[in-house]
Amino acid sequence: MTTKYFFKKDDQYVLNRCTKFLSRYNTDARHSYGAPGEQSERDRIAEAWRFPIIDTYGGGADAVSDPAQFNDYNEVTFIYAGADSRSPASVSVIGTFATLYEPIPLERAIFEDEPTRFWSLTYVVPKGQRHLYRFIVDEAFPVNDPVNPQLELQDNGQSWSRFFTDSFTSPLEMEPWELAILYRLAAEILPFQTADATNFLNRFYDCLDRATKKNLYNNAYRMDHSVGEVNYIANILAREERHHLIGYKKCLRIIDRVLRQRSPYMEPENMSREIYFDLYNEMATNQVAGWDYSQYASPQFFLYLLRRHVVTGAFCHPKYGGNAGAAGWAYLSERYFTPAAAPGQKPQTLFDWRLSMEPPLGVNADYLG
Amino acid sequence: MIQVTFDVIVIGSGAGGAPLAHILAKAGKSVLVLEKGPLFRPQYQSPNQRSDFKRDELISDGAEKRIQLAVANKGQAFYSSHVEPDINDEPHIYRDTEGSDKATIEGYTAQVVGGGTQLYGGVSFRYAPLDFRLASFNAGRSDIRQDPNDDIKREARDWPISYDDLEPYYTKTEELVGINGESRNQQKPFSRDVYQPPLTPNGISEYARRGMELLARKLNPLNPILPYRTPLAVITRDHAPSGRKVPHDPETEKTSYVNRYGDPLGLKSSTWVSLLSPVKDLPNFIIRCNCVATRLTYQNGKVDRVYYIDPSGVERFAQGKIVVVACSGIESVRLLKLSAKLDNGFDKAIHQNDLLGCYFMTHCFGGASAILPERFDKSRALDAGWATDCCATEQFLHDHGLWAAGALYNNTSDGALPISLFRTLGALDLDNLWDGFMFATDLKAQALVNYLDDQFGRGLSISFMANQVPQRTNRIELHPTVTDKWNRPVAYIIKNWHQHDRYLMDTYANMAAQILHFSGEHLSGKQIEAVKFVGKGGSYLAPNGIVRIANHILGGARFGKDRNASVLDVNCRAWDFDNLYVTDGAFMPTSRSGNPTNTIEANSFRVADQILARL
């Protein structure tokens with residue numbers, strides 16, 4: 001018996017995720033959020049980044065049928081929107097999650113016993129992975145997903161459509177030097193440079209099991225002052241808030257130059273805290289000595305953006321790639337507590353986030369994530 | 001072939017549409033529900049036991065998008081929930097105080113099966129008997145303050161039904177929807193108390209309870225009107241009418257992923273889990289989701305066809321002996337106006353007078369908040385703890401020169417989770433989430449720790465929800481230029497606060513503040529200063545307070561006994577149509593002292609009986 005990693009979700013699920021974003025008569029570019037030079041057909045649909053759909057897995061593919069394994073996987077639902085309910089005649093997908101030579105057919109979604117223009121296929125993919133894929137429409141040459149804005153350039157000059165699953169920790173669009181500066185700036189915002197918090201993080205990371213540790217450290221980030229918030233930023237710049245990617249890149253280039261002017265002969269990631277402290281305060285006033293305002297008009301705006309991204313990344317659900325191992329939540333839950341009522345008893349935390357979260361992250365008996 | 005003819009077509013599956021659909025389907029009538037949004041299922045209904053709703057702070061207010069429409073706030077960021085419409089595709093436009101047009105997320109409930117009842121906090125007040133007779137109450141009064149032109153006496157309306165007419169339907173709602181609470185101390189007569197028992201309140205709510213009690217004793221030392229547990233549409237015991245089961249330990253339901261979150265466990269009593277699921281498998285019931293109704297056509301005194309666009313974008317139609325419009329006030333008025341624009345007969349019939357869209361209302365709302373000396377685990381709570389009617393007596397209204405009353409209650413889930421604490425810093429509505437935190441650049445490193453030390457688990461807020469003066473000039477129109485993703489004109493919200501509204505909001509904000517003061521007074525050995533005020537005020541004070549709607553969308557097609565003074569008759573039927581009903585909040589002639597969902601549902605049950613009698 002062959003075991004399959006793919007299956008068909010019910011029609012209701014598929015249509016639930018197509019109509020709002022893809023169905024429309026208006027063809028204005030209503031969704032181009034200010035990423036100059038990136039205008040495309042995708043600007044005419046809402047939240048193109050939602051495709052393919054990455055969701056929690058709860059069974060359906062016979063290759064992964066043990067509930068104990070479900071949490072290690074996401075289900076990835078590929079959607080292709082045809083012209084109408086007759087055309088095209090067939091759609092299939094090839095991708096690095098399977099073999100690249102065996103196309104897997106998508107099926108039409110049905111509404112009230114009638115065919116729709118939406119096709120789907122759901123594939124079970126381990127968490128923390130990135131994959132490339134293309135669609136084969138009417139058995140022609142493979143093409144990129146016309147909806148998903150994530151494209152990855154290959155060494156042969158071709159771009160392929162790309163997706164990544166939950167808890168992904170290998171930044172896709174950012175260079176190591178860019179990430180290093182981001183970590184230093186994020187550290188200026190978050191509490192984790194304070195003595196108490198650094199102490200907490202050291203203990204927290206020491207106590208993690210080896211597998212989790214390997215996962216968290218495999219990018220050689222500075223985890224002593226961080227809860228993985230930059231990893232979250234790298235993920236949303238690749239997907240949900242891709243419209244800020246160009247701005248981030250411009251600003252980091254300018255900042256790199258500013259920092260090197262201030263401390264020649266030293267790599268920005270190794271510069272003193274004072275240098276970053278000053279830079280932060282100058283950005284806050286929009287007056288940064290050496291800033292190239294012709295390249296990017298408002299360092300203050302970039303700081304605002306960074307502030308929102310950094311705190312979100314520190315305290316979001318870990319599936320987004322930040323709040324590594326729930327370290328951000330654990331920090332709060334250790335910091336805020338009621339002292340032990342009597343000797344020998346344990347103190348009671350005042351942020352018991354585990355009670356509402358799904359296992360294995362949390363301990364809620366009913367919620368499955 | 002797809003079924004085209006039905007006894008009843010209901011447009012919208014939320015509080016206005018679902019109760020009626022439930023009753024008529026159960027009575028064996030063929031019912032079609034059209035819902036623009038998706039059908040998101042709780043775990044127990046999902047093929048793989050995973051819900052489309054998640055406990056995830058980034059699902060209630062998602063990734064940043066920016067307004068791209070040709071409006072005055074083009075470029076402004078917005079963060080909508082996964083079931084709210086995309087503003088660029090389906091905006092509401094309002095006119096701000098400078099006269100320029102802006103797009104807003106305010107005034108939308110949710111586009112999903114269950115509508116606003118999927119995302120709301122579940123606060124389920126009954127309206128008070130006085131709310132039904134505000135014209136009579138105010139006639140001849142000489143003590144109304146802040147109303148120089150006597151607008152109130154001219155515009156206040158008695159409802160064409162009384163509290164006693166609606167009371168059996170309140171009971172029916174509380175029973176069938178599944179609401180926890182207690183009737184004791186509520187200033188509304190109960191024929192039966194069918195509430196499920198409330199869960200243990202979060203510790204922080206004890207401050208609110210104590211403050212409410214002391215305020216009541218100050219207002220009326222001899223006969224204080226004491227607080228009661230806020231009725232919440234969350235089941236705490238197995239619920240026989242909908243077949244829902246609660247967790248082994250119901251106290252584990254307290255998560256703070258309640259207000260603005262769909263419930264993955266289906267314990268929050270959305271109209272989907274409570275009313276539509278029990279009939280979903282009947283052969284005479286069909287719900288078509290992801291289908292937007294675009295227009296109604298008219299023939300011989302009736303709505304002839306309901307046109308809608310199916311999930312793929314194909315236009316279809318259906319026909320019903322009865323057609324019920326319940327797609328959330330603003331959108332209902334818009335659908336009727338769009339239909340009138342395209343169909344001369346419909347236009348004449350719906351505009352038998354010129355009141356459609358007029359007297360749009362929300363609530364006068366606002367509150368006060370404080371930081372307590374103690375810290376609590378606010379992540380273990382439903383949305384609200386205690387409520388009080390002590391500021392809703394006739395005596396109170398006379399003493400303060402107010403035309404109508406309001407309810408006060410405490411929220412527990414505000415800022416309970418870390419990201420919400422940051423993104424709502426200084427934010428007074430959904431249009432300016434994150435701004436406060438982003439701009440507060442001093443809030444960093446040790447200062448951020450200090451902020452968390454100050455705030456996390458320590459914020460207590462008291463909210464009020466009160467009547468807004470109905471004004472004819474507050475209205476819903478079709479916008480002349482902005483269209484939605486289907487190229488249809490969008491709703492244009494034109495509203496302002498009455499002078500008396502501002503005064504009323506100040507008065508109730510002061511009461512909310514007094515509750516907080518009193519809540520500090522009981523601390524043994526600690527004085528009032530122990531409670532540090534963050535602020536108080538009415539929503540009109542917000543930067544764009546003019547558009548604040550609290551997602552309570554009321555009026556615009558008021559019901560009444562006089563065809564010259566109302567859009568709908570007493571049974572919510574449009575005067576010159578034999579078969580067209582409107583049953584969402586649009587029917588209300590006054591906005592009442594409390595959150596409206598419970599009353600919209602009760603009225604929908606009432607109209608269901610009227611329709612049943614004629615089918």
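Predicted model only: the values in this text are computed from it and were never measured. Numbered from 1 within each chain, the chains take letters A, B, ... in sequence-line order.
- Contacts between A:D10 and chain B at a heavy-atom distance below 4.5 Å involve the side chain alone, from C-beta outward.
- For a residue to count as touching a neighbouring chain, one of its non-hydrogen atoms must lie under 4.5 Å from one of that chain's; by this rule A:Y320 touches chain B with the side chain only.
- Using a 4.5 Å cut-off between heavy atoms, A:D28 makes no contact with chain B at all.
- Note that CZ of A:R354 and OG of B:S379 are 12.0 Å apart. Values are rounded to the nearest 0.5 Å.
- For A:T349, the part lying under 4.5 angstrom from a heavy atom of chain B is the backbone only.
- Side chain of A:E241 to main chain of B:E64: a donor-acceptor pair is present (N/O by atom type, distance under 3.5 Å, no hydrogens or angles).
- Heavy atoms closer than 4.5 Å to chain B are found in both the backbone and the side chain of A:C316.
- A pairwise comparison of heavy atoms in A:Y33 and B:K65 identifies OH-CD, 3.3 Å as the closest pair.
- With contacts defined as side-chain heavy-atom distances shorter than 4.5 Å, the pair A:F111/B:S312 does not qualify.
- Interface remark: A:Q300 contributes no atoms to any contact with chain B (heavy atom separation under 4.5 Å).
- Ring geometry for A:F351 against B:F456 counts as perpendicular: the plane angle is over 60°, on a 0 to 90° scale with 30° as the lower cut.
- Atom CD of A:E112 is separated from atom CE of B:M1 by 11.5 Å, given to the nearest 0.5 angstrom.
- The existence of a salt bridge linking B:R50 and A:D55 is excluded, since no basic side-chain nitrogen approaches an acidic carboxylate oxygen closer than 4.0 Å.
- Not one N or O on the side chain of B:R375 forms a donor-acceptor pair closer than 3.5 Å with the backbone of A:F337.
- The pair B:D56-A:K319 counts as a salt bridge, with a side-chain nitrogen and a carboxylate oxygen less than 4.0 angstrom apart.
- Panel note: side chain B:K485, backbone A:Y25; no donor-acceptor pair is recorded below 3.5 Å.
- Between A:R30 and B:D86 there is no salt bridge, since none of the side-chain N atoms of the basic residue sits less than 4.0 Å from a carboxylate O of the acidic one.
- Ring geometry for A:Y304 against B:F439 counts as tilted: the plane angle lies between 30° and 60°, on a 0 to 90° scale.
- If you measure heavy-atom distances from A:F301 to chain B, the contacts under 4.5 Å come from the side chain alone.
- At a 4.5 Å heavy-atom cutoff, the contact between B:P247 and chain A is made by backbone and side-chain atoms alike.
- B:N88 places no side-chain N or O within 3.5 Å of a backbone atom of A:H31 that could act as its donor or acceptor partner.
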